[in-house]
Amino acid sequence: MKNVLQRTVPEGFKAFAGSNAYKNFKRRTIAEKHTGKGFISLKSVSDMFDKLGIKDGMTLSFHHHLRNGDFVLNMVAEEIKRRGLKNMKLAPSSIFPNNKILVELIENGNVTDIYTDYANGPVAEAISKGKLKGLCVMHTHGGRPLAIESGDLHIDVAILAVPAVDKEGNGTGTAGNSACGSLGYAVSDLKYADKVVLVTDTIIDKAENPQLEGKYVDYVLKVDAIGDPSGIVSGTTKITKDPVGLKIARDAAKLLDELGMIKDGLSMQTGAGGTSLAVAYYVREFMLEKGIKGSFASGGITGYFTDMLEEGLFDELYDVQCFDLKAVQSIGKNKAHHAMSGSRYANPYDDNVVDKLDFVILGATEIDLDFNVNVTTDSHGTIMGGSGGHSDTAHGAKITVITTNLVKSRLPIIKEKVTTITTPGEDVDVLVTERGIAVNPRRKDLLEKLQGSKLPIVPIEQLLETAHKITGVPEKPEFSDKPVGVVVYRDGTVIDTIYKVR
Amino acid sequence: MKRGIAGSLESNDALITVKESDKLEITIKSVVYDFFHKQIEKTIRDTLSELGIDKISVVCEDKGALDFTVRARLITAVKRMEASK
Amino acid sequence: MRRSLLFIPGNNPAMLRNSDVFESDAVIYDLEDAVSVTEKDAARELVSGFLNCAGALPMEVIVRINGLDTEYFSADLEAVVSDKIDSVMLPKASAAYLAELDFLLTEQEKKKGLKKRINVVPIVELASSVLQIDEIVKCPRVNGVLLGAEDLSGDIEVMRTKKGNEILYPRMKLAYACAAYKIDAIDTPFTDVNDGAGLEEDCRFVANLGFNAKAAIHPNQVPVINSIFVPAQKSIEWALRVQEAARQASLKGLGVFSLDGKMVDKPVILRAENIIKKARKYNLI
C-alpha cells in the first residue's frame, strides 16, 4: 500500500494521509494506572525481574534523558541476556551509542521489536543491517505519548531512570548525581504502563514539585549509579563557530525579521545543533536591538535560552528535556522555567505547546524538491537519527525554517526525493542555505511578504542545480526491498518505510 | 622507486600518492564512494591524459574533495614524483 | 570600491570552496603567508585549479602571490594570471617592484590573450615602503593599497598593539595618499578573531582616518567590516536630499544653493553622489 506521499506502507500499518488528518479522529485514552498504595522497594535488577515476573515477549519501556550516560537500559539488557529471555520488545524513547549491548541481544533474538523516537550508533546500524527480527517502529516525541495513552503501544513494565526519588515515591530530575532536569518523556510511561519501576541512586526526603508523581509508582530500585554524569549533559552547548553555519544562521534571523516574526510576544524553538542554536543567538540580537520581549521558548532547552529568560527576553520556558548543565541548574531554581511532559509538548490531541509556536528552526539530513525532510537515515539509508520533535514542531509552528549547509562533505543536502521522509513538505516552509533561501511555494503568503527582499530567495530547484554544479550529480545508491523499520508520523500513521542497507 | 604525495586527510581534501608503474593502476578510497567513485576515477583519468601519462599507480584517499581538488592534488603529486630524482 | 577583503588560505580546499559565500567585496586567495614553504607548489595548483572551475566566484578575485624577491614569484604569476582574476596582491611592495610587476603582467596578458587588465593591490609593510607611499599609489594598475601592520611593526621593531599607536603614522599617510589618487585605502587585518567589539572599534577608528576598507582574516569579521565601511543610513538620506536639491537648483540655473541653512557647492554635491553610488552598490537604496 502507498500513502499520500507515494511511500510504501507495510501491511498492518495505517497510511499517512496528511499532517492534519488527525483532526478527523477523536482522542482515545486508556485508563491511567494509579497504584492506590505505596511502593515496594526492590533489592536488585534480578529482584525486579523476579518480583515483576518479567518474562519472554514482554514490552519494557525507558526514557532517554540520561542520554549517552545512561546505565539503566544497559542494566536491564544485561539481565535479559543473563536470563536468556526471548522475543522481548523494548520501547526506549531514544537509543544512543552507549546502548551498544543491545546489538548482541538483537542478534540473539532476545530482543525482536524496538519502538523508539531516535536511534544513533551501533544499535541503529544493526537495525539497518536487518538484524532485528521485527520492524523498528520510529515514533515522534509527540506521537509516542499518543501511542502509549491510546494503548496502541502497550507497556508491560516502565523502567524509569530517575535522578532522585523521595520517600513517597515521587521522582525528580533536578537532584542527585545524575541530575538531568526535565523528565518529560517519562510521563506517559509512568501513567499508562501496567507496572512502573523507578530506578534511582539518590533517595531524598521530599521532592519539590516532582515531575513524576508517586501515586503511579509500583516499585523503586536503588542502585549505585544510574548514569555517568559526563555523558548526560554537556557542560555548555555552544553555537557553531563554523563561518558557513553562522552565515546561514544570520540569514535565517534576517528572514524571520523581514517576515515580521521578531515581535513582542514571539514564541520560538530551535534544535540544539550548532547552526539552529546560532539562529537563537541572532534572534536575540534583534530582540535586544529592538527592545522586544517574547512570550516563551520551548523544547529541549539549552543555556542560551535560560540566559534569554534571565535577561527578560522571554516570560517562560517550557522544557521537555535539558540539553546542558545550565538548563539543569535553571529548571531547579527558576520558577518561570517549567518542566513539561512529552504529551504536553507535542501530542497532537493534547493542549500542546508546539501548536502555539510562532517559529521553529530545525536541521535536515536531506530535503527534497517537495520540501520533505529526512532526519532519520543518512543518504545510504542507514538509521542515524529520527524525528524526535522534528515533525511535531514543524506541524505546530506557524513558520518552520530548515537551516542546513547546501553541501556537506561532497553530498548535496537537497535531493530530488529524500531517502526517507521524516517530516512532510506540507509542514516545511523555508529552507535557508549558504547559497540561497527557498520558500515552499505552498506559502504564497510568505513569498508575498518577501517581495523586494534583498535576501537571496530562489526556487528550491535552483538550489539543487547549484549544489550539483559544485559536487557533480551523485549516483543513486541501491536499496534492498526488505523493510527494517517504519517512520510513524505523530498521528500513528506510517509516513515512510526504512529499508535494509546492503 | 620514484613517488610523489600531495594533499591531506582533512575534510574536503584528498591525499594522493603516485608511483612509477608499468601499468595504469587507480585505487580509490572515499567517504562518498557510493555516490562519486566513478566521478573521482574520471577526474583522475582525465587529468592523467592531460599530463600525457598512461602508466602510473595512483592511490586516492578522498575525504569529500571536489573535482578541482582531486585534479590539483594529482598534478602536484605527479610533479613531485618527477622532481624526486 | 571595496569595504571588505577576505583572506582565504590557498592550500585549504574546504575554505576555497565556500569562499564566495561570505559577502566580502573581495576575496584574497593567499599563496604567501598562509601557506608553508613545503606546500607552495600544492597551493598554487589548487588555487589556479579552483579559479578555473568554480561555478561561482566572489565579486572580486584577488590572489596574493609571493614577493618578487622570492623563488616562488615567477611560478605564482604564471599560474594565477587569467581572466578569472581581477587583481594581484603584491607583498613587500616598492615602486620599483611595482614597475616590474606591471611589465610582467603586460607580458602575461598579451601571451594569454586576456580580455581584461589585471589590477594590483600592493601591501605596504616595510618602513621603506611607507616613505614611498606617494610613489606607490601612482604606480600603474594600483587601485588600492593594503597596510600590512604585522610585518611593518616587525620592520621598525616595535610591539604591535590592539590600539595601534605604532602604526598611526603609516595609517594617516596611506589614507591621504590613497585619497589623493582616488584609490582604496585598505586597513590591516584585526588579528584577534574572537574580539568582535575590538574589531568594530578598530574599523570605526580607521574609517575616521579616511580608510574605506579593511582586510579580514576570518569570515566572521566580514559582516562587521561591511557594516562600518558603508555610508550610514543618515548620510544616505542626506545625500539623496542634496541630490534632489541640486537637481532643483540646476533647473533654476543655480550653481550654489543652500540646504538646511548650509551652503552646498560642487564638492558637496560630489560627496553626496559618491555616497549614493556606494549605497547603490551595496544594496542600501
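Note: hydrogens, waters and symmetry copies are ignored here, and every other heavy atom, side chains too, is used. Throughout, a chain's letter reflects where its sequence line sits, starting with A, and its residues are numbered from 1.
Residues B/Ile40 and A/Arg410 meet the side-chain proximity criterion, which asks for heavy atoms closer than 4.5 Å. A heavy-atom distance below 4.5 Å is found between the side chains of A/His380 and B/Phe35.
Between A/Ser409 and B/Gly64, the closest heavy-atom pair is OG-CA, 3.5 Å. Here the closest heavy-atom approach between residue A/Glu475 and residue B/His37 is recorded as OE1-CE1, 3.9 Å.
More than 12 heavy atoms of other residues, nucleotides or ligands sit less than 6.0 Å from atom CZ of A/Phe479. Heavy-atom neighbours of A/Lys254 NZ from other residues, nucleotides or ligands within 6.0 Å: above the threshold of 12. A 6.0 Å sphere centred on CD of B/Glu10 holds no more than 12 heavy atoms belonging to other residues, nucleotides or ligands. Atom NZ of A/Lys408 has more than 12 neighbouring heavy atoms from other residues, nucleotides or ligands inside a 6.0 Å radius.
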Residues 122-137 of chain A, side-chain donor-acceptor partners within the protein, below 3.5 Å, at least two apart:
{"residue": "A/Ser128", "atom": "OG", "partner": "A/Ala124", "partner atom": "O", "Å": "3.3"}
{"residue": "A/Ser128", "atom": "OG", "partner": "A/Ile383", "partner atom": "N", "Å": "2.8"}
{"residue": "A/Lys131", "atom": "NZ", "partner": "A/Glu107", "partner atom": "OE2", "Å": "3.2"}

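The stretch residues 462-473 of chain A places A/Ile470, A/Thr471, A/Gly472, A/Val473 near chain B, each with some heavy atom under 4.5 Å from a heavy atom of that chain.
Contact of B/Lys63 with chain A is made through the backbone alone, with heavy-atom distances under 4.5 Å. Contacts of B/Asn12 with chain A are made by side-chain atoms alone, with heavy-atom separations under 4.5 Å and no backbone atom involved. Both the backbone and the side chain of B/Asp67 have a heavy atom closer than 4.5 Å to some heavy atom of chain A.
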